[in-house]
Amino acid sequence: MKKQILSMLLCSLILAMIVSACGGNGNQKQSSSSQQSSGSEVSSKPLKIHYLTAKQMSDGAVQTLVDLANEYKKEHPDFELEVESISDRPAYLQKIKILASSNELPDWFDADPEPFFEDLVEKGLVQNIEEVYQEIGVADKFFKVSTDYPRSDDGSLYLITWNANVEYFWYNKDLFAQAGVTPPTTFDEFLQVSEQLKSHGITPISIHGKDFWPLLRYMAFIPFRMEGNDYLDKLRKGEAKMADPAGIKAAEFVQTLGLNYFNEGWSNADYNTSLELFLGGKAAMYYMGTWQVKDMVDENMNLLPHIGYFKMPKLSDNDKTTVNDFFANSGIGTAVRKDAYTPEMRDFLQFLFTRYADKALYEYHVIPSIQPTIKDDLPQIYKDILNDIHNVQTYAKVWDVRLDPETNDTIGRESTALALGLLTPEEFAKRMDEAIAQNAPKYFSN
Amino acid sequence: MKTAAFRYGSRILLYAMVMVFVIVQVYPIFWVIASSLKTPEEVARNAPYSFPHSFYFENYINMLQNSRIPLYFLNSSLVAVFTLLLTILLGAPAAYAIEKLRFRGNTKVMAFFLLGIMIPIFVSLLPMFQIYNALGLRNTYLSLVLPQVGFSLPLCIYLYCGFMRYVPNSLMESAYLDGAGPFLVFRKIIFPMSRNTTITIITFNFIFIWNEFTFANTFMTSSRMKTLPLGLNDFVGLYGYTDWGATYAAIAVTIIPTLVLYFILNKSVIEGMAAGAVKG
Amino acid sequence: MAIRRIIEPWLFVLPALVVYIFTVIIPIFWSFTFSLYEWNGIGDMKFVGIDNYMRMFRDNVFLTAFKNNLIFTGLGTVVQIVIGMIMAILLLSIRWFQNLIKVVYFIPCVISSMAICQIFSKMLSVNPEGVVNALLGAVGLDSLKAAFLSDPDLTLIIVTLVDAYKFCAIYMVIYYAAFISISKDIIEASIIDGCNGWKQYRYIRFPLIRGIVFITVVMLVSGTLKGFDVSYILTNGGPGASSELVSTYMYKVTFNSVNYGYGSAMAVFMVVECLLVVSLLRKLIAQADTED
């Protein structure tokens, strides 16, 4: 009797497996690319967009999109926007790379203008966004940085952006007053300020090492001041070397900071920890982008009284870039698969772009990539940020996006070792140059 | 002769050690639950080992609203059950054939399986992905079950063989004399006897299947099909900012049923084993 | 009848073989093929022969990872066996709540690696101060306070111990089950012969479960040579490459750097390495068995 039950159980389980296998299969087919238009009908054809995003579902930009999609659906019942979110960046990247290598890219997917994406562009897999903007007529409504940052090397644009960010040094006014320092305007002053803070028992800088990009910003500052974006552009191809003066200076700067002025245990701190260290008044300075501004403001969206900010200091009077040139970006962009761009999608995008900016800013407190209408009661800090975004001339390019993925892996590892004093700047430069020499030819064959 | 005091003292020491281990092993779950009841400010500002000020249930609400943890739990469970079932269903008979049915080439087959013990499961990630794509098998339970079964089989067969080697052939021979075929012998005699091994295999593999992340991330594109480890990542933000409160709530919610289940299963399993020992 | 006798065993083995070949063997050959090329998934595949292997043996990070992995395996295996054994013996010796305590001991296994690593990360942190540093301060050992996870000399040991912590209860369960299945007659006979307490363990119980212990050695070695979770999540292999393991490096090369060829070469290396180690182990075990 028991055995009969057992064998029946087994059979039903196996049956369930088969059914779920088929069921899952069916679902997958449903959510695949939007259908081709079959003729010239007056009514809109069904449009289903599968959007694989690297942002969280609760991210302001994503919420805005979902809201607007629901609005659009009311007029267009055949429309569907399905958002799939993988917010852990490495997991997201791994997924998209595997999808790409099997020709299974979703209709919309997030990407940065980095070498892997450039490969996709080269293969003609993604839609040219510049053309899209021109078709719809919204090109000039975007902030300059939102259309420039995601451009490829050759100036072509293949990514839609949803945010606009600038990056500042946020600082704690109370702690500064305690140590008797004022915001630095040069990097020498920056080091002096840090030293002064330290001598008063205050942790000068809060940074998290679990992600590599914050440290790479500190690495990027000095070369950006010395040579603008040229250094990075040449470095990634191996035409400039880490052992050049700009590179060595950068390495020395990073090492000085790492050994003396970062929060203790920074190399293993995660994003939340370093943010909290600053917000909790335990560190004086914190370099972060304006996507985090919601934590620096009170309920009325005004900047908290004890928090201030200063922009990237200058190196000397011979800088190639001015104080109005610093890091600004537009967050991760969204690419559209070439064969998914249909007239229906264009219509949706048109609707989207007209409504996006104001909704994003006023309802979700996200700084949008399209210029919003500035209402009078918009808090000052937001006005200032929008102003800065508008005025940025040359924005610094981000190292971990421009370097090829293999070198990226190496620099993350080695820069942490450098900042912990495990390598000398010269050794660091040597390793990086070797890595670039090995990897660059595979990615930058021009 | 040991004095009563000595025996009493060593008893105390024994229980003290037991409690030390209990504290050490229990600390994570206590920590997770305590942290899940803290407000975000408490999580950020107070020492990590402090108690929450009061019971803050927002995390649990957030978690249930913003993600489908119960669904992920179900998916993980299904994958685990199918994988374990299939592993045993395929592995035990294979081991039986290799060890007891003495056919030509059985050592070669055994060695062939043993190759697999050492192979890291990543090796099959890319090839499997391409195969599944071609067969349209992505987003199915099968896509996770198959590779995990494949990689659990070597150890499973190794363990069963190890056990069956010591089962006296006389047992089988008397059954044959009674007219039983090999499958019947396996089902009624050998398999029940290898209960210990079965439990070992289930225990060992369950943990790895339950925690498996890489394959699920690659093969499951639909939110509906995510497994638990994948779902826990739902709370990691864009630039790295993680909603730890919700994550802890999710973890707390999923540990409890697993432990309860384990508790129940364990009782019957141990009783079975102890009973087997008495029979000798 | 004779034919049936030949076919029958194969029927038992066939399903397992099919799944195994499909999911394990074919991918290995596939990977081996990849390892001879340079490919980033969407570009062209470029044949490079054994270049990837040559590169591997000159790659500092890889060699460090290999060395780390050996330490991780050696230390981890010993720790997990010892702790697992201790816990099993403790379980055997108590009279009440055995089942409950067993489940409690099993808790770390069931908690996701993400949670365990987060917990330890917070425990070992220095800013904000975690439990470990707070305790050190409380007993006056201030000088030992440190940012443990930023110290390249300590990270590997920490990763090994956390990994052991998470999985040791598995072995407790196995040893406990093994002890319980020792026939009560033998135990009783030994007590009558005056063999009690520790002596009983030494002369009766341990020898009788020797086979199981050897098997757990094989399980542990094969498991730790492939170790991934804790290193990846807790320290990401860092700082530098101080806690990098072979599988984490392979993962990064394959999926972060998208160098499928090089990553596959490492996969093949792992396969060969593990084959050698396990064969060695089995020979040693067989020797020990015959020395009885």
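Letters A, B, ... are given to chains in the order of the sequence lines, protein chains preceding strands, and every chain is numbered from 1. Quick caveat, the model's predicted, so the values are computed rather than measured.
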Note to self: With heavy-atom distances below 4.5 Å as the criterion, would you say the side chains of C:Ile116 and C:Pro108 are in contact?
What the structure shows: yes
Next item on the list: Count the heavy-atom pairs under 4.5 Å between each of C:Leu11, C:Ile215, C:Val103 and chain B, then report the option with the highest count.
Entry: C:Val103
Item checked: Side-chain donor or acceptor of C:Tyr20 paired with backbone N/O of B:Pro154 under 3.5 Å -> no
Check: Given the options C:Ile28, C:Val272, C:Ile170, C:Ile119, which has more heavy-atom pairs under 4.5 Å with chain B than any of the others?
Finding: C:Ile119
Notebook entry, point to check: Rounded to the nearest 0.5 Å, how far apart are CZ of B:Phe112 and CG of B:Asn106?
Noted result: 15.0 Å
Check: Most heavy-atom pairs under 4.5 angstrom with chain C, which of B:Val18, B:Leu14, B:Ile98?
Finding: B:Val18
Check: If you look at every heavy atom in C:Leu91 and C:Gln98, which pair is closest and at what distance?
Finding: O-NE2, 2.7 Å
Check: Which answer fits C:Phe228, side chain, backbone, both or neither, if we ask what part of it has an atom under 4.5 Å from a heavy atom of chain B?
Finding: side chain
Note to self: With no hydrogens and no angle check, just 3.5 Å: does a side-chain donor-acceptor pair link B:Thr198 and B:Tyr160?
What the structure shows: yes
Next item on the list: Apply ring-ring contact (aromatic ring centres under 6.0 Å, His included) to C:Tyr165 and C:Phe120, showing your working.
Entry: CA-CA 11 Å; C:Tyr165 170 77; C:Phe120 274 93; 5.3 Å; yes
Next item on the list: With a 4.5 angstrom heavy-atom cut-off, could you sort out which part of B:Met128 is near chain C: side chain, backbone, both or neither?
Entry: side chain
Item checked: Check: C:Lys102 and C:Met172 side chains under 4.5 Å, non-hydrogen atoms -> yes
Margin query: If we define contacts as heavy-atom pairs under 4.5 Å, which of B:Trp210, B:Phe206, B:Tyr15 has the most with chain C?
Written below: B:Tyr15
Next item on the list: Using a cut-off of under 4.5 Å on heavy-atom pairs, state which of C:Ser264, C:Ser93, C:Gly263, C:Ser279 scores highest against chain B.
Entry: C:Ser93
Next item on the list: May I ask you to name which of B:Val22, B:Leu228, B:Val32 has the most heavy-atom pairs under 4.5 Å with chain C?
Entry: B:Val22
Note to self: If I measure from the heavy atoms of chain C, does B:Val24 come under 4.5 Å with its side chain, its backbone, both, or neither?
What the structure shows: both
Check: With no hydrogens and no angle check, is any side-chain donor or acceptor of C:Lys166 less than 3.5 Å from a backbone partner on C:Leu161?
Finding: no
Note to self: Heavy-atom cut-off 4.5 Å, strictly under: side chain, backbone, both or neither for C:Ile186 against chain B?
What the structure shows: neither
Check: Side chain, backbone, both or neither: which part of B:Phe208 has a non-hydrogen atom closer than 4.5 Å to chain C?
Finding: side chain
Notebook entry, point to check: C:Ser247 and C:Tyr232: side-chain donor and acceptor closer than 3.5 Å?
Noted result: no
Item checked: Selection from C:Leu225, C:Ile25, C:Val277 maximising heavy-atom pairs under 4.5 Å formed with chain B -> C:Ile25
Checklist line | Side chain / backbone / both / neither for C:Met266 at chain B, heavy atoms under 4.5 Å | finding: neither
Next item on the list: Check whether any side-chain N or O of B:Asn205 sits under 3.5 Å from a backbone N or O of B:Ala80 as a donor-acceptor pair, and report yes or no.
Entry: no
Item checked: Interface moiety of C:Val218 toward chain B, non-hydrogen atoms closer than 4.5 Å -> side chain
Margin query: For C:Val246, is there any backbone N or O sitting under 3.5 Å from a side-chain donor or acceptor partner on C:Asn69?
Written below: yes
Notebook entry, point to check: Between C:Ile101 and chain B, which part of the residue has a heavy atom less than 4.5 Å away: side chain, backbone, both or neither?
Noted result: side chain
Next item on the list: Please determine, among C:Ile86, C:Ile212, C:Ile107, the option with the most heavy-atom pairs under 4.5 Å with chain B.
Entry: C:Ile107
Notebook entry, point to check: Got a second to check how far C:Thr248's OG1 is from C:Ile233's CD1, nearest 0.5 Å?
Noted result: 11.5 Å
Next item on the list: Counting only heavy atoms closer than 4.5 Å, note whether B:Ile251 contacts chain C via side chain, backbone, both or neither.
Entry: side chain
Next item on the list: Tell me, for B:Leu153 versus chain C, whether the close heavy atoms (under 4.5 Å) come from the side chain, the backbone, both or neither.
Entry: side chain
Item checked: Top contributor to chain C contacts, counting heavy-atom pairs under 4.5 Å, from B:Gly150, B:Cys156, B:Pro229 -> B:Gly150
Check: Going from CG on B:Leu155 to OG on C:Ser222, what distance comes out if it is rounded to the nearest 0.5 angstrom?
Finding: 6.0 Å
Next item on the list: Please look at B:Phe163 and chain C and tell me whether the side chain, the backbone, both or neither of the residue comes under 4.5 angstrom of a heavy atom of that chain.
Entry: neither
Item checked: Under 4.5 Å from a heavy atom of chain B, the part of C:Val173 involved -> side chain
Notebook entry, point to check: Where on C:Leu100 is there a heavy atom nearer than 4.5 Å to chain B: the side chain, the backbone, both, or neither?
Noted result: both
